[in-house]
Trainee: 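Let me give you the structure first, and then I'll get to my questions.
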2 protein chains.
Amino acid sequence: MKLTYKGDYALKAVLDLALHYGQEPVTSHDLAKRIDAPAKFFEQVLTELKKGGIIESRRGNEGGYLLSKSPSKITVGDIIRIIEGPIEPIACVKENYANCTDVNRCVFRNIWQKVYQATSDIIDHVTFEDLMAQVKGQQQIATYSI
Amino acid sequence: MKLTYKGDYALKAVLDLALHYGQEPVTSHDLAKRIDAPAKFFEQVLTELKKGGIIESRRGNEGGYLLSKSPSKITVGDIIRIIEGPIEPIACVKENYANCTDVNRCVFRNIWQKVYQATSDIIDHVTFEDLMAQVKGQQQIATYSI
DNA sequence: TGTATACTCTACTAAGTTAGTAGGAATAGT
DNA sequence: ACTATTCCTACTAACTTAGTAGAGTATACA
Ligand code: FES
Ligand code: FES
């Protein structure tokens with residue numbers, strides 16, 4: 001698992017939208033400015049999140065983006081899988097991929113499977129509700145910073 | 001953590017050398033053939049492993065490569081770190097890197113730190129002695145295949 | 001009906017990484 | 001001297017990452 005800028009922006013965006021859940025849509029422009037992402041590039045990230053079913057959009061005046069479900073139902077793993085793709089260190093962990101010679105007797109496969117499991121266990125159990133709680137806990141200082 | 005071909009070749013090479021530990025050096029050519037890697041590309045991998053202190057070399061006739069320490073003292077993590085570089089999903093996990101805005105209050109950092117820890121815990125505790133045992137366990141069928 | 005506001009879509013690009021190739025120089029044993 | 005082998009430098013094609021650019025489409029509101 002390696003986090004690219006795209007994934008970084010996506011996570012920050014979803015957290016921001018989570019903090020605006022139930023309110024008016026947030027514009028791409030506002031989001032981009034708050035998380036300090038290049039506006040045009042960031043639009044592409046939002047498009048992928050939308051295709052992934054995480055957010056929905058309202059066009060025109062008063063439009064913008066909003067979460068398509070409750071922050072408690074969205075995990076960090078969801079975002080990572082949508083933006084960064086598969087999280088396993090090597091493809092044959094999931095399927096009987098023809099990467100190594102003999103899958104059945106490969107002594108390394110087991111290791112990558114464990115890494116995959118451990119990573120999934122972490123990122124699939126952190127919801128954006130959890131993250132919101134953390135943000136609000138430190139809110140007393142100033143506006144949240146992601 | 002993502003495994004590239006280089007890392008894949010390196011792990012297989014070190015396991016092969018582990019199985020020849022205490023014996024004559026193994027030539028790059030023989031290694032490459034057994035693990036099915038392009039000979040010239042594979043040489044580069046060996047060079048990196050040597051620089052990393054994992055293997056040493058003997059030049060000229062009867063030369064080749066051998067482990068510079070016991071298989072019980074080499075872990076999968078050692079090889080990964082040498083060949084693939086840092087294993088954390090984002091740079092600021094290790095240092096106070098200026099990637100995210102405010103490191104102290106970043107709610108994501110904690111997650112990547114956990115992923116880093118979990119991954120390290122796995123790959124740093126598998127030695128090539130462990131892997132040799134596995135290989136020898138299934139040896140009854142034929143020659144080992146990595 | 002017009003217009004400002006915002007999302008949508010397609011295409012292009014520069015830099016970096018990955019997975020190699022190619023060719024020769026240096027060294028050691030017989 | 002010959003041969004086997006490591007060592008060293010440079011090049012390349014394909015792919016990924018992190019953007020840019022610009023036109024097109026939908027919606028609210030006056
Ligand atoms: S068969 Fe996939 S890691 Fe070896
Ligand atoms: S400060 Fe590094 S993940 Fe946010």
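These numbers come from a predicted model, not from an experiment. Numbered from 1 within each chain, the chains take letters A, B, ... in sequence-line order.
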Trainee: Whole-Å distance between dC7(C) C1' and L31(A) CG?
Mentor: 13 Å
Trainee: Can you find a donor-acceptor N/O pair under 3.5 angstrom joining the side chain of K40(A) to the base of dG22(D)?
Mentor: yes
Trainee: Looking for any heavy atom pair under 4.0 Å, which part of the strands does K51(B) touch: base, sugar-phosphate only, or nothing?
Mentor: nothing
Trainee: What parts of residues 61-69 of chain B reach DNA chain C, counting only heavy atoms under 4.0 Å away?
Mentor: N61(B)
Trainee: Does the distance from a Lys or Arg side-chain N to an Asp or Glu carboxylate O, for E48(A) and K51(A), drop under 4.0 Å?
Mentor: no
Trainee: Report the distance from atom CG of D8(B) to atom C1' of dG20(C), rounded to the nearest whole Å.
Mentor: 15 Å
Trainee: Just wondering, are more than 12 heavy atoms of other shown residues or ligands nearer than 6.0 Å to NZ in K33(B)?
Mentor: no
Trainee: Heavy-atom count check: over 12 atoms from other residues, nucleotides or ligands less than 6.0 Å from E56(A) CD?
Mentor: yes
Trainee: Ignoring backbone atoms, establish whether K2(A) has a side-chain N or O less than 4.0 Å from OP1 or OP2 of dT16(D).
Mentor: no
Trainee: Just the rounded figure in Å: distance from C1' of dT25(D) to CZ of R59(A).
Mentor: 5 Å
Trainee: Nearest 0.5 angstrom please: I80(B) CD1 to T4(B) OG1, how far?
Mentor: 8.0 Å
Trainee: Counting just side-chain N and O atoms, does T47(B) come under 4.0 Å of either OP1 or OP2 of dC8(D)?
Mentor: no
Trainee: Between the side chains of R34(B) and D30(B), is the shortest nitrogen-to-carboxylate-oxygen separation below 4.0 Å, so that they form an ion pair?
Mentor: no
Trainee: Within this structure, what is the CD1-to-C1' distance between I90(A) and dA19(C), rounded to whole angstrom?
Mentor: 14 Å
Trainee: On the nucleotide dA6(C), are OP1 or OP2 found under 4.0 Å from the side-chain N or O atoms that S57(A) carries?
Mentor: no
Trainee: Does the base of dT18(C) carry an N or O that pairs as donor and acceptor with the side chain of E84(B) under 3.5 Å?
Mentor: no
Trainee: For the atom pair CZ (F128(A)) and CG (D16(A)), what is the distance rounded to the nearest 0.5 Å?
Mentor: 11.0 Å
Trainee: Is it true that D124(A) and R81(A) make a salt bridge, defined as a side-chain N closer than 4.0 Å to a carboxylate O?
Mentor: yes
Trainee: What is the distance from CD of E48(A) to P of dC7(C), rounded to the nearest Å?
Mentor: 16 Å
Trainee: Looking only at N and O atoms, is any donor in the side chain of E43(B) or the base of dT21(C) less than 3.5 Å from an acceptor on the other one?
Mentor: no
Trainee: Tell me: CD of Q44(A) to P of dA21(D), nearest whole Å?
Mentor: 13 Å
Trainee: OP1, OP2 of dG20(C) versus side-chain N and O of Y9(B): anything below 4.0 Å?
Mentor: yes
Trainee: Can you establish whether the number of heavy atoms outside K73(A) located under 6.0 Å from its atom NZ is more than 12?
Mentor: no
Trainee: Does T4(B) make a side-chain N or O approach to OP1 or OP2 of dT17(C) shorter than 4.0 Å?
Mentor: no
Trainee: Map R58(A) and K6(A) onto DNA chain D by nearest heavy atom, then report which one ends up closer to the 5' terminus.
Mentor: K6(A)
Trainee: Given atom CD1 of I83(A) and atom P of dT16(D), what is their separation to the nearest angstrom?
Mentor: 16 Å
Trainee: To the nearest Å, how far apart are L17(B) CG and dT6(D) C1'?
Mentor: 14 Å
